Structure formats: structure tokens, C-alpha cells
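Here the structure comes first, spelled out in C-alpha cells, and everything after it is commentary.
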There are 2 protein chains.
Amino acid sequence: MKRPTIADVARRAGVSKGAVSYALNGQPGVSEATRQRILAIATEIGFSPSSAARALSGATARAIGLILARPARTLGIEPFFMELISGVEAELSARSYALTLQVVADQNAEIAVYRRWWGERRVDGVLICDLRTDDGRVPVLEELGLPAVVIGGPTGTGGLPSVWSDDAAALVETVEYLYALGHRRIARVGGLPELQHTAIRTQAFTEVCRRLGLAEAVTASSDYTGEEGARATRRLLSSRVRPTAMIYDNDVMAIAGLSVAQEMGLAVPADLSIVAWDDSPLCRLVHPPLTALSRDIPAYGAHAARQLMQLIEGSPTGGLEDEAPQLTPRGSTGPAPGNR
Amino acid sequence: MKRPTIADVARRAGVSKGAVSYALNGQPGVSEATRQRILAIATEIGFSPSSAARALSGATARAIGLILARPARTLGIEPFFMELISGVEAELSARSYALTLQVVADQNAEIAVYRRWWGERRVDGVLICDLRTDDGRVPVLEELGLPAVVIGGPTGTGGLPSVWSDDAAALVETVEYLYALGHRRIARVGGLPELQHTAIRTQAFTEVCRRLGLAEAVTASSDYTGEEGARATRRLLSSRVRPTAMIYDNDVMAIAGLSVAQEMGLAVPADLSIVAWDDSPLCRLVHPPLTALSRDIPAYGAHAARQLMQLIEGSPTGGLEDEAPQLTPRGSTGPAPGNR
DNA sequence: CTGAAAGCGCTTACAG
DNA sequence: CTGAAAGCGCTTACAG
């Protein structure tokens with residue numbers, strides 16, 4: 001089956017190729033009656049303009065890129081990325097933009113792909129995740145002039161617009177909530193320390209603990225896997241004065257922490273309160289269900305995609321502060337031991 | 001910054017554009033010395049050939065498509081898709097192929113996107129997931145002549161090659177293992193009944209139970225969410241003669257089932273044995289860790305991608321049977337009650 | 001081994 | 001409002 005081209009539509013409509021192009025793209029230059037006739041014929045013979053030809057004649061590639069630079073084993077277990085992608089897609093598909101996804105080993109590989117995509121004109125813009133402190137991708141994207149929106153921030157994004165949420169505020173709210181429940185020894189299992197949002201949360205944690213006069217404000221670092229979450233929990237719960245509340249930087253580690261607590265004979269929340277960052281269906285699967293910091297991740301992705309579309313279309317955009325994560329109390333948090 | 005074109009490379013090398021093209025694509029027609037000089041210049045000025053121009057002049061788009069037609073909420077919680085994608089990517093990136101990903105609401109939307117991609121020449125081929133019994137995508141892809149590999153099967157794929165694993169054999173092995181442990185009342189919480197692999201598993205389950213003389217071979221249907229897994233478990237465990245072992249079609253439902261058992265005061269595995277299909281790190285996070293049917297999902301994705309590459313390059317391919325899922329016993333299965 | 005040229009299928013000024 | 005034509009950046013026969 002030969003794929004129809006614009007010439008086929010033009011011939012059947014008895015007009016020039018230019019007229020078909022104008023009709024399809026909603027440009028002035030054809031009468032309304034002609035436009036309708038052309039559109040009907042295009043639909044009838046199943047014509048879609050070649051994306052390559054369009055891109056080559058100066059229009060856009062109608063595709064954006066997203067690169068994930070995490071090991072496959074941590075990508076799969078975190079619902080975050082799939083939820084983000086589905087939100088991005090919702091925004092893109094409304095405009096028939098495609099999403100080009102790539103999974104790479106590290107940031108150098110990621111940067112190489114940006115350079116290649118730029119040279120190939122394969123994408124009109126990119127969304128970048130997992131912002132690091134002093135992120136090497138930012139200057140490269142700025143140098144290339146490849147439109148980019150950072151998912152994260154708001155600092156360290158150079159001149160790139162970002163879509164971000166106020167993690168510091170959410171962390172402060174969480175610690176104050178635990179403090180109100182009587183907790184005085186609060187520990188935290190943080191994510192990869194080189195990630196910007198980890199640093200923001202760690203700093204907020206340290207500051208609010210100091211302000212409230214909590215001495216033992218330990219943050220353990222991890223790689224988001226259940227194994228590391230369990231190991232960090234075991235270590236913290238084995239310390240001389242063990243914490244009565246723990247905050248985890250993702251749901252998988254929180255669930256692993258819950259298991260460790262149970263294995264060590266501690267009741268949750270009677271002996272230990274647990275809070276998970278990034279709510280997910282997993283948090284409601286376990287017993288007790290986990291108190292979590294919830295946010296609408298698909299919406300987050302959709303907002304980032306919308307900002308990028310704007311940027312590609314040439315409207316300046318200053319980025320967007322999304323809603324801060326909401327503390328959603330469930331069964332895993334309660335009054336501190338000896339405080340009931 | 002203006003992006004360099006093939007003409008820039010040709011000018012600096014003092015050759016024609018044709019010569020540059022031959023050099024870059026490893027075609028005969030240039031001397032080795034010239035080729036090396038051209039390649040060095042291309043690297044130096046950061047030249048990558050425009051994917052649009054390449055695609056337009058008859059070469060391939062160097063992209064394949066993958067469409068996921070599941071609701072966002074079930075996409076995120078199942079590690080399956082991300083693991084599959086990371087395996088696909090590993091195969092693609094070695095050849096600098098891009099992956100175009102789309103998330104749609106239903107199969108009609110999916111078919112519409114295939115038609116559009118074909119018309120746009122946006123992808124050279126597609127990978128299709130979640131094969132249904134009497135799947136509407138198969139005849140459309142065959143009619144279009146869009147190269148496609150089915151992830152699933154091996155039946156119901158029409159003339160399309162498929163990469164599949166022997167789910168029936170794995171299910172039989174599982175039931176026989178539970179039977180050997182003394183279980184005589186085994187129930188199953190299956191996935192979406194319209195999916196081909198669900199049907200295959202259900203049929204295998206029914207047959208092996210009949211062969212072993214197990215009367216109560218109930219299969220409950222579900223949508224893979226924890227909520228439905230929990231509901232089905234509650235219903236099955238409340239029946240007059242409750243099962244002593246349960247098999248779940250995904251890990252999330254198995255974890256939900258474990259929670260329900262605990263909530264109903266049943267010890268796992270003393271009162272109830274649990275088996276999860278598709279092992280994942282989640283299965284090792286809970287207590288007891290779940291016995292599971294494990295397979296290498298990234299490898300599965302990589303194999304499918306490789307088959308598709310072959311198909312695109314014109315080599316006929318008959319599909320591939322991947323390894324059957326392996327039963328991995330952990331703490332959630334044990335002797336049937338009264339059989340210890 | 002190399003160069004000049006046609007052509008892929010669009011978009012978009014430029015004439016009429 | 002419409003048509004003829006140039007041009008996007010490649011690839012690939014076709015001459016030399």
C-alpha cells in the first residue's frame with residue numbers, strides 16, 4: 001500500500017500542493033469551501049503529512065525528548081517516572097506531539113544524546129529531570145539553544161525555566177506535625193545526595209530541627225532502593241538512642257523501613273512513626289497504610305510539558321511553581337512513645 | 001549557534017556532499033584516507049545528519065514506536081513497563097534508534113496513532129504489548145504493512161512475529177509445586193480477562209487443576225490494582241471452604257492479598273500460601289517475602305527490539321520463544337495447613 | 001574514486 | 001484567493 005502524499009490530495013481536489021498545505025495547517029489563502037473539500041479528501045484517503053518533510057521545510061519536528069539517567073532497577077520500582085510520563089503525554093497528544101524517550105547510563109551519555117538530538121533536529125525541546133547541584137546539563141543546553149524545561153529547581157537551573165514544588169515547605173510541615181505528636185528524635189533517609197531536591201530537603205530538615213531544638217536530626221543517604229532503605233533503617237534503629245519517627249525520600253524505602261521495624265519487633269506507629277515522600281498506591285497496600293507526602297505527579301508532568309510547548313512556540317516563560325506536596329496522614333504516624 | 005550541515009563538512013573537507021554522505025554511512029565510493037579526514041571534520045564541528053532529511057530521502061526514520069494503552073494509575077505501579085522499556089532502549093541505543101512512546105486511553109486511540117505514524121512515516125516499526133484475544137491491532141498493522149513485533153502470544157498474532165514466554169508451563173509448575181506441598185484448594189486472581197496471556201494462564205490453570213483432581217479451581221478477574229486484588233482476596237477468603245493457596249497475576253495484587261490475609265488474621269504461609277507473577281523488588285520488601293514467578297523483563301524487551309530491528313532491515317524473522325518464568329520460592333509459600 | 005544532479009514531501013514567500 | 005517555484009538537508013543513481 002503506497003502512502004498518500006500531499007500531491008495525491010492536491011490532484012484529487014484539483015488544487016495545488018500549496019493550497020492543500022494551507023488548508024491543512026489552518027492558514028489563510030484558501031476559501032472555506034475549498035478547505036473543507038480538501039480536508040474531506042485528506043481524511044478519505046488517510047493522508048497524514050510526512051513528519052520528516054515537515055521538519056525539513058523549517059517547521060518543527062513535533063517531538064520533544066525526555067532522558068532518564070537512572071539504573072534500570074531503580075527506574076522500574078518508582079512509580080514516579082511512569083506517572084510523570086503519562087502526564088507529559090496527556091499534554092503532548094492533545095497537540096499530536098510525540099515523546100522521544102531515552103534511558104542512559106549516566107549524565108555524560110545524557111549530554112551526548114542532547115548534542116546528537118540537536119544536530120539531528122530530532123526534537124524541538126527537552127524536559128530534564130533529576131536536577132543536580134551544579135548540573136552539567138544546564139550550560140550545555142543553554143549553549144546549544146535547545147529549548148528545555150527543568151523538572152525541579154527552582155535554583156540551579158541557570159537561565160532555563162523550571163516547574164518545581166516547594167519541597168522545603170512540605171518537609172517543614174512534616175517535621176512540625178511529628179513534633180506536635182511529641183516526637184523529639186526524628187531521622188530521615190534521604191535520596192541520592194547529589195540531587196538538588198535531596199539537598200533542598202536535607203537543608204530544610206536540618207534547619208527546622210535546629211529551630212525546634214531537636215538535636216538528633218540525622219539524614220542517611222541512599223539510592224532509593226528497598227535494600228538501602230532497609231539497611232539505613234536497621235542502622236538508625238540500632239543506635240543508642242533510636243529515633244521515634246522516620247521520614248523517607250521515597251515510598252519504596254518507607255515500605256522497606258516498615259518491614260525492618262516489624263522485623264525488629266517495633267510496632268508502627270506505637271514505637272515508630274513513618275512518613276513516605278511521594279504517595280503512591282503502594283503506600284495504601286501495606287499495614288498500617290503509610291502517611292505520605294502526596295502530589296499530583298501526572299499534573300506536574302503535564303505542566304512541565306505545557307511550559308515546554310510555550311517555549312518552543314516562542315512565548316517567553318518564567319517557569320511555574322506547582323503545588324507543594326500535601327501531608328496525608330494515615331496509619332503509620334501517631335503520638336511518640338511515652339506521649340500518649 | 002547555527003547547526004552545521006553536510007555542506008559545511010563538505011566545504012571544509014574540500015569534497016562534495018555526496019562524498020561526505022558516503023563516508024558517514026560507511027558506503028564505498030571514497031578512499032579510506034578521505035573517509036577518515038571527513039569523519040574527523042564532522043566530529044570536530046559537531047555534525048549529526050538531520051534525521052528529517054535522512055528520513056525524507058528514503059532512508060529510515062531511525063525510530064520505533066511503543067504505545068501503552070492502560071490507565072495511568074495501573075501503568076505507574078507495575079514495574080513491568082519501565083523494565084521492558086529499559087531493555088528495549090538498551091537494544092535501540094546501540095544503533096542510535098530512538099523510541100517514540102505514547103500513552104493512550106484505549107485500543108481505538110492506539111490504532112489511530114498507528115495509522116497516523118504510518119502516514120507521517122514517523123517510525124519504522126512498532127512493538128505491541130498487552131495482546132488481546134482477537135486483537136484489533138493485528139489486522140490493521142498487517143494491512144498497513146507497518147513492521148511490528150508482538151510482545152506476547154504466540155497465538156493470535158496473525159502474521160506478525162512475536163516474542164513470548166511459556167506462561168502455561170510456568171503456571172503448571174506452580175500448581176504442581178503447591179500440590180506437592182499438600183494444597184488442594186488453590187485459587188487464582190487473574191488479570192484483565194480480555195488479555196491473551198490472562199486467557200492462556202486461566203486455561204492452563206483450569207486444565208492442571210482438573211488433571212490433579214482439584215475441584216475448587218476458581219479464577220477471579222481483576223484490573224491489576226491493589227484495590228481489586230484486595231477485594232478479590234477478601235471474597236475468596238470469606239468463602240465457605242477457603243483456599244489454602246493463592247496465585248496472583250501481578251506483584252501488586254499479591255502484596256495487597258498478603259495484607260488482606262494478615263488483616264483477616266491468617267498467617268502466611270502457615271494458613272495461606274501466596275505466589276506472585278512477575279517478580280520485582282517489591283516482592284522482597286514485604287514480610288514474608290513473596291514466592292514469585294521471575295523472568296528477566298529487560299531481556300524480554302531487548303529481544304523484542306532486536307526482532308523488530310531485523311524485520312525493519314528486511315530479514316525475515318519467525319519470532320522468538322523467550323525463557324519461561326522461573327518459580328522462585330521465598331517465604332510466602334509453605335505446606336498446606338494440616339499437612340505439616 | 002569523485003562530482004553534479006535529481007529527488008524525497010513538505011512549507012512558504014512571491015507572482016498573478 | 002490560487003498557482004508555480006524555491007528550498008529545507010540529506011541519499012543515491014549516474015556520469016566522468
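Proteins get letters first, then strands, A, B, ... in listed order; numbering begins at 1 in each. Computed from a predicted structure; not experimentally measured.
Between B/Asp130 and B/Arg70 there is a salt bridge, with a side-chain nitrogen of the basic residue lying less than 4.0 Å from a carboxylate oxygen of the acidic one. A salt bridge is absent between B/Glu323 and B/Arg295: the closest approach of a Lys/Arg side-chain nitrogen to an acidic carboxylate oxygen does not fall below 4.0 angstrom.
Here C/dG9 presents its P atom at 9 Å from CZ of A/Arg3, a figure rounded to the nearest Å. Between B/Leu24 atom CG and D/dC10 atom C1' the separation is 11 Å, expressed in whole Å. Rounded to whole Å, atom C1' of C/dA13 lies 12 Å from atom CD of A/Gln27. A/Leu56 has its CG atom 7 Å from the P atom of D/dG9, to the nearest Å. C/dC10 atom P lies 10 Å from atom CD of B/Glu120, rounded to whole Å. As a whole-Å value, the separation of B/Arg11 CZ from D/dG9 P is 11 Å. Rounded to an integer number of Å, the gap from A/Lys17 NZ to C/dT11 P is 10 Å. Rounded to an integer number of Å, the gap from CZ of A/Phe47 to C1' of C/dG9 is 8 Å.
Using a 4.0 Å heavy-atom criterion, one finds that A/Thr5 contacts the sugar-phosphate atoms exclusively. Heavy atoms of B/Val20 sit nowhere under 4.0 angstrom from any nucleic acid atom.
Across the interface with DNA chain C, nearest-nucleotide mapping of B/Gly18 and B/Gly119 shows B/Gly18 to be the residue nearer the 5′ end. Summary of the strand contacts: B/Ala52 and B/Ala19 both lie near DNA chain D, and taking for each the nucleotide with the nearest heavy atom, the more 5' one is attributed to B/Ala52.
Judged purely by atom type and a 3.5 angstrom limit, B/Asn25 has no side-chain atom pairing as donor or acceptor with the backbone of B/Gln27.
Of all heavy-atom pairs spanning B/Ser162 and B/Thr157, the tightest one is CB-CG2, 3.9 Å.
When distances are taken from the side chain of A/Tyr22 to each of C/dC10, C/dT12, D/dC10, the shortest belongs to C/dT12. Here the side chain of B/Val30 is nearest to one of C/dC10, D/dT11, C/dT2, namely C/dT2. The side chain of A/Ser31 has D/dC1 as its nearest neighbour among C/dT2, C/dT11, D/dC1. Set against D/dT11, C/dG3, C/dC10, the side chain of B/Ile6 has D/dT11 as its closest nucleotide.
Here B/Ser21 reaches the OP1 or OP2 of D/dT11: one of its side-chain N or O atoms lies under 4.0 Å away. Considering only side-chain N and O atoms, B/Ser57 lies nowhere under 4.0 angstrom from the phosphate OP1 or OP2 of D/dC10.
Ring-plane geometry between A/Tyr224 and A/His197 is classed as tilted, the angle between the planes lying from 30 to 60 degrees on a 0 to 90 degree scale.
Across all strands shown, D/dG16 forms a Watson-Crick or G-U wobble pair, both distances under 3.5 Å, with C/dC1.
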